Asker: 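Please find one structure pasted underneath; my questions will follow.
In the text below, chain A, chain B and the rest are named by the order of the sequence lines, each starting its count at 1. The structure presented is a predicted model; accordingly, all values stated were derived computationally and were not measured.
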Amino acid sequence: MSFARTKPLATSLRRDRWRDRSMNVLAQLKQAFHSALQGMVADPTPYLELIRPSQDAKFGDYQANCAMPLAKELGQKPRDIAQGIVERLDVSQWCDTPEIAGPGFINLRLRDEWIAQALGTVFADAQLGIVPTAEPKTVVVDYSSPNVAKPMHVGHIRSTVIGDSISRVLRFLGHRVVSDNHLGDWGTQFGMIIYGYKHFRNDEAYQVAPVAELARLYRLVRAVIDYHAAVLGVPAQEAALAKLVEQRTVAEQLAASTDAAEAKKGAADLKRLGSRIEASEEGLRATREKIALTEDSPEALARAQAHPNIATSVLDETAALHAGDAENRKLWEEFLPYCREDIQRVYKRLNIEFDEELGESFYQPWLGEVVEEFQAKGLARESDGAQCVFLDGFDTPMIIRKRDGAFLYATTDLATIRYRMKQWQPDAILYVVDHRQGEHFHKLFAAARAWGYDHVDLRHVAFGTVMGSDGRPFKTRDGDTVGLEGLLDRAVEKARSVVDENLEKSKDLVFSGEERQRIANVVGIGSLKYADLSQNRASDYTFSYDKMLELKGNTAPYLLYPYARVNGIFAKGDIDTEAFRATTPTISLDTPEERQLALKLLQFENALLDVTVDYLPNLLANYLYDLTSSFGQFYEKCKVLEAETETAKQTRLALCDVMRRTVRQGLELLGIEVVERM
RNA sequence: GUCCCGGUAGCUCAGUUGGAUAGAGCAGCUGACUUCUAAUCAGCAGGUCACAGGUUCGAAUCCUGUCCGGGAUGCCA
C-alpha cells in the first residue's frame, strides 16, 4: 500500500522557475506560453516544463515541445497546434518570430539587443540579477555526521561536500536553511577510548596534547580488537575461499561440456568466480598482514595477549556509559570537547561550518519516551523481546528497542525528527547519507509519517561509494579506510607540483613560494571537492588525484583559470575593477562567441534552480563547466584590450567581469575558493 | 530468496525527467604560443546506450522479461 504523499519541496521550488523576473528568460518565456495556452488547455502548467534550452544552436536558443503531447489531448495535428500557439503567443519583447520545425517544435531565437540589455542589467546588479525566492522554505540539511573520537576518513568526504553545497545553494536562493551535523558522539568508539584511557594512557602526553593522546588510544584499542578479530576470522575466510575454489572446479567441468548451453553457463560462472576468488584471496592476505603487524612487534603482541576479551570489555564500557555509570559519564564529558575540537580542524581546512552540531547524545534523554509513545499509539509491539515497528510494505520491522533494553539509531533518528519539527517547523529534512542506508530511511520515513509527521518532505539524498582505481571501495594498501586529512595533504601536495610546473612556463609573472603554496591549497582542496560535486551523486565515484587535477575537462583547475585570466586582462589594461563596475558600459553582441557567452551568463539562476529540484550539485558544476568552455572560445576569438571599437571593448570587459563574478559565486556555492592569479 | 541502485566510446563520466544527428575529458592522431596567461584553443578518429520485447508521432530515458555488477536484508551505524 502506498502512503499519502507529502508535497515535495521541489514542486514548489519548480514553480519559481516561471515567476516574473526581469533577467530569467526562461521564466519569462514560460509566462508568455502560459498566457498563450490558456483557453487551449485546462491547465497549461505541465506543458511549460517542455520549454527548454535548445540542444543545437541551429534550433534557436530555446525550444517549446508542447505541441506534440497536446496533439493527442486536443485531437489535432501537432503542427497545426504549434501554429495555433504561435499565433496566440507574444514573445516579441525577447525573441525573433518563432519558427515551427519538424513534427511541431517551436523554436525561439532571442534578439541580440535583448540579450545585450539583460547582460547590462546583470552587470549592474551585485546579486547577478538573482532575487530571493518569493516562497522561502525551511529546510534542515543533515550531513557529514562523523563519529567523533574516530579519525574522519574518505567515506565522510561526499556527505560533507554535497550537503554543504546543497545548503549553500538553498540559502543563496533565499530559503531558510538549518545545517545540522548529527555527530556520532554516543557510540562504541567512546567505549574504546574509555577502555584505552583506563588501560593504556600516557598521563604526560594527555596533559600536553589531549586530542592527540585520545586519537592514539583509539588507534591502539582498534588495533588490538582488529588483531583478535583477524585471528578469529582466518578460518572462516579460508573456508569461504576453499568453497569458491571448489565451485570453480565444478564450473571448469561445466565449461568443458559438449552441451553448448552448459558450456556457456560454465564460462560465465568461471569469470564471476575468478574475480571473487581474487577478492577473497586479497582479503585473506590483508587479514594476515594485519595479524603480522601485531605479531611482528613484541610490544603489540604482549598487549594483545594481555587483553584477550577487549571487544566485549569495550562494549561493557559503552553499556556502562549509557546506563549512567558515574566514572564513564565523567570521562565522556571530559573527552567530548577534545574530540569535537579535533574534527573542527578538518572542517576548517574544508571551509565548512554548521548551524547546529546536535549529536546523538543530545537526543538520548528522550529515547524512552519515543518508544513509549510508539507503544501507546499501537505503532510498536514486542516481538522476540524487542520493540518493533511493523510497517506496510516491508518484510522486516524497524526495531526501536533491543531485547536487552538498549536503543538503536532508529530510535535516535525518530527522536531527532520530533525535535527538529518542534524546533524549526521545517518544510523538508534532507539526509545526505550514503545509499546503503536507503532501506533504513524508507522505514524511518514511513514510521515518522505514521507517527504524525506527514506534512514534511523527508528525503534521503543518497550518494554512491568512493572507489579506488581497482574498482573496489577506496582503501589503503593495508585494506584500511583512507584518512581524510591524509587525503587533503596529498591533494595539496599534488596540486603544488602542478602549480610549480605550470608557473615555470610563465616568464613575466613572478610568484613567491608563499603564493604558490596558497594557490596549491585552493587548487588541491578545490579539486578534491569539485571532483566529487561534478559527478552525479547517485553514481559510485572513482577516486583519482590525477584526474581531479587535470587542467582540461570538467575539473576545478579548468574553472579557476578563466577567473585568473580575466584578472590578468584587467591588470594588463590597467582597468580599475570597482571604477569599471560603477560605469554603464555600452553592450553590443556582434560575434557568435560574445552572444553565446552572454546567453550562458543569463542562465545562472536556472542552473541553481535545477540543483534544488533533486538536490544535484553536479548540475551547477556542469553549468560552470559549460560557461567556462564558452569563455574559452570567446577568449580565443575576441581580443578585449585591443578590440576594434570602444563599444566592443566595453562589451567584452563587461562579459569578462560578469563571467568572473558568476564563476566566483558559483564556485562559492560549491564550497570552493578562487585565486586571483595562477 | 526478497528488495534497492546501476550497466552509455578503450578509460572516467554527462545526458536538462520522453524530443530533432547520444555529448565531454583522458588516452590516440593533426594543427595553433614575437599576441589580453598555451593551466588554453581548433580539428580527426572512436557508439548495437548490456540484451529481447512492448508503450507512441518520437525511447539511452517509461513498462515487462533475461543477463551482468554492486548494495541492503530482526536486535551495528
Asker: Just to be sure I understand the rule, does Arg403(A) reach a base, reach only the sugar-phosphate, or reach nothing, if contact means heavy atoms closer than 4.0 Å?
Answerer: base
Asker: Is the distance between the ring centroids of Tyr143(A) and Phe463(A) under 6.0 Å?
Answerer: no
Asker: Would you say that Trp186(A) contacts Thr412(A) through its side chain, given a criterion of any heavy-atom pair below 4.5 Å between the two side chains?
Answerer: no
Asker: For nucleotides 9-12 of chain B, list the nitrogen or oxygen atoms of the protein found under 3.5 Å from its nitrogen or oxygen atoms, one pair per line.
Answerer:
{"unit_1": "rU12(B)", "atom_1": "O3'", "unit_2": "Thr542(A)", "atom_2": "OG1", "d": "3.1"}
{"unit_1": "rU12(B)", "atom_1": "O2'", "unit_2": "Lys547(A)", "atom_2": "NZ", "d": "2.8"}

Asker: Checking all strands, does Lys639(A) fall into the base, sugar-phosphate, or nothing category for heavy-atom contacts under 4.0 angstrom?
Answerer: base
Asker: Using the C1' atom as the reference point in each nucleotide, state the distance between rA9(B) and rG28(B) in Å, no decimals.
Answerer: 13 Å
Asker: Got a salt bridge between Glu515(A) and Arg677(A), using NZ or NE/NH1/NH2 to carboxylate O under 4.0 Å?
Answerer: yes
Asker: Identify whether any heavy atom of Ala462(A) sits under 4.0 Å from a base atom; if not, whether one sits that close to sugar-phosphate; answer base, sugar-phosphate or nothing.
Answerer: nothing
Asker: Rounded to whole angstrom units, what separation is found between the CG atom of Asn536(A) and the C1' atom of rG7(B)?
Answerer: 15 Å
Asker: Can you say whether a donor on the side chain of Thr465(A) sits under 3.5 Å from an acceptor on the base of rG70(B), or the other way round?
Answerer: no
Asker: Establish, from distance only, whether the side-chain atoms of Tyr530(A) and Asn554(A) form a donor-acceptor pair under 3.5 Å.
Answerer: yes
Asker: Which part of the nucleic acid, if any, lies within contact of Ala564(A), taking any heavy atom under 4.0 Å across all strands shown: a base, the sugar-phosphate backbone alone, or nothing?
Answerer: base
Asker: Taking the six-membered ring for Trp and the full ring for Phe, Tyr or His, determine whether the centres of Phe33(A) and Tyr47(A) are under 6.0 Å apart.
Answerer: no
Asker: Return whichever of Glu360(A) or Ile569(A) has its heavy-atom-nearest nucleotide of RNA chain B closer to the 5' end.
Answerer: Ile569(A)
Asker: Could you check whether Cys66(A) gets within reach of a base, just the sugar-phosphate, or nothing at all, counting any heavy atom under 4.0 Å?
Answerer: nothing
Asker: Taking atom C1' in both rA20(B) and rG7(B), compute the distance separating them and give it to the nearest angstrom.
Answerer: 26 Å
Asker: Give Asn554(A) one of three labels, base, sugar-phosphate or nothing, depending on what nucleic acid heavy atoms sit under 4.0 Å from its own.
Answerer: nothing
Asker: Under the 5.5 Å and 30° test, is Phe59(A) stacked on the base of rA20(B)?
Answerer: yes
Asker: Taking CE from Met467(A) and C1' from rG7(B), how many angstroms apart are they, rounded to a whole number?
Answerer: 13 Å
Asker: Say we look at rA52(B) and rU16(B): how far apart would their P atoms be, to the nearest angstrom?
Answerer: 24 Å
Asker: For Ile106(A) and Leu641(A), take the nucleotide of RNA chain B holding the closest heavy atom to each; which residue's nucleotide lies nearer the 5' end?
Answerer: Ile106(A)
Asker: Give the rounded distance in Å between these two atoms: CD1 of Ile51(A) and P of rG19(B).
Answerer: 14 Å
Asker: Distance between the C1' atoms of rC75(B) and rG53(B), in whole angstroms?
Answerer: 45 Å
Asker: Let me know the distance between OH of Tyr558(A) and C1' of rA24(B), rounded to the nearest Å.
Answerer: 10 Å
Asker: Does the side chain of Tyr635(A) get closer than 4.0 angstrom to OP1 or OP2 of rA38(B) through an N or O atom?
Answerer: yes
Asker: P atom, rG69(B) versus rA32(B): distance in rounded Å?
Answerer: 49 Å
Asker: Whether the side chain of Tyr561(A) and the base of rA39(B) hold a donor-acceptor pair under 3.5 Å is what I'd like checked.
Answerer: no
Asker: Would you find a donor on one side and an acceptor on the other, under 3.5 Å apart, between the side chain of Gln189(A) and the backbone of Val148(A)?
Answerer: yes
Asker: Is the centre of the His182(A) ring less than 6.0 Å from the centre of the Tyr409(A) ring?
Answerer: no
Asker: Using a heavy-atom cut-off of under 4.0 Å over every strand shown, decide if Gln63(A) touches base, sugar-phosphate, or nothing.
Answerer: base
Asker: Any chance the side chains of Lys443(A) and Thr396(A) put a donor and an acceptor closer than 3.5 Å?
Answerer: yes
Asker: To the nearest Å, how far apart are Ile519(A) CD1 and rU37(B) P?
Answerer: 15 Å
Asker: Report yes if at least one side-chain N or O of Arg565(A) is closer than 4.0 Å to OP1 or OP2 of rC36(B); otherwise report no.
Answerer: no
Asker: Indicate yes or no: does Glu504(A) engage Arg516(A) in a salt bridge with an N to O separation below 4.0 Å.
Answerer: yes
Asker: Quick check on the 6.0 Å ring-centre criterion: do Phe59(A) and Phe105(A) meet it?
Answerer: no
Asker: Is Asp434(A) side chain donor-acceptor paired with the rA77(B) base, going by distance under 3.5 Å alone?
Answerer: no
Asker: What does Asn618(A) touch in the nucleic acid at a heavy-atom separation under 4.0 angstrom: a base, only the sugar-phosphate, or nothing?
Answerer: sugar-phosphate
Asker: Can you measure Phe631(A) atom CZ to rU37(B) atom C1' for me and round it to whole angstrom units?
Answerer: 11 Å
Asker: Can you check the Leu315(A) CG to rC75(B) P distance for me, whole Å?
Answerer: 14 Å
Asker: Take atom C1' in rC67(B) and the same atom in rC76(B), then report the distance between them in whole Å.
Answerer: 34 Å
Asker: Checking one value: the base orientation of rC49(B), syn if chi is within 90 degrees of 0, otherwise anti.
Answerer: anti
Asker: Sort by first number and list every stem of RNA chain B: at least 3 consecutive Watson-Crick or G-U wobble pairs, both distances under 3.5 Å.
Answerer: B:1-7 with B:67-73, B:10-13 with B:23-26, B:28-32 with B:40-44, B:50-54 with B:62-66
Asker: Remember a base hit wins even if backbone is also touched, and classify Pro69(A) as base, sugar-phosphate or nothing at under 4.0 Å, heavy atoms.
Answerer: base
Asker: Taking any heavy-atom pair under 4.0 Å as a contact, classify Pro397(A): base, sugar-phosphate, or nothing.
Answerer: base
Asker: Determine the sole option in Ile575(A), Val566(A), Thr651(A) for which the side chain to side chain contact (heavy atoms under 4.5 Å, CB included) test with Cys656(A) is passed.
Answerer: Val566(A)
Asker: Considering only atom P, compute the distance from rG47(B) to rC63(B) and round it to an integer number of Å.
Answerer: 29 Å
Asker: Could you tell me whether Cys388(A) contacts a base, only the sugar-phosphate backbone, or nothing, with contacts defined as non-hydrogen atoms closer than 4.0 Å?
Answerer: base
Asker: Nearest of rC76(B), rU37(B), rC41(B) to any side-chain atom of Lys402(A)?
Answerer: rC76(B)
Asker: Could you tell me whether the side-chain ring of Tyr625(A) sits stacked on the base of rA24(B), using a centroid cut-off under 5.5 Å and a plane angle under 30°?
Answerer: no
Asker: Does NZ or CZ of Arg660(A) come closer than 6.0 Å to the centre of the six-membered ring of Phe570(A), within 45° of the ring's axis?
Answerer: yes
Asker: May I ask you to verify if any side-chain N or O of Ser539(A) is less than 4.0 angstrom from the OP1 or OP2 atom of rA14(B)?
Answerer: yes
Asker: Taking Val432(A)'s backbone N and O only, do any of them form a donor-acceptor pair with Ser159(A)'s side chain (distance below 3.5 Å, no angle check)?
Answerer: yes
Asker: Decide yes or no on salt bridge (Lys or Arg N to Asp or Glu O under 4.0 Å) for Arg652(A) and Glu644(A), but give the supporting numbers first.
Answerer: CA-CA 11 Å; Arg652(A) 292 169 187 181; Glu644(A) 309 74 41; 3.7 Å; yes
Asker: Tell me which residues in residues 436-445 of chain A lie within less than 4.0 Å of RNA chain B, going by non-hydrogen atoms.
Answerer: Arg436(A), Gln437(A), Glu439(A)
Asker: Whole angstroms only, please: what is the CE-P distance between Met548(A) and rC13(B)?
Answerer: 12 Å
Asker: Roughly how far apart, to the nearest Å, are rU8(B) and rG74(B) at atom P?
Answerer: 31 Å
Asker: Looking at Glu501(A) and Lys494(A), is any side-chain nitrogen of the basic one under 4.0 Å from a carboxylate oxygen of the acidic one?
Answerer: no
Asker: Taking the six-membered ring of Tyr615(A) (Phe, Tyr or Trp), confirm whether the NZ or CZ of Arg537(A) is under 6.0 Å from its centre and within 45° of its axis.
Answerer: no
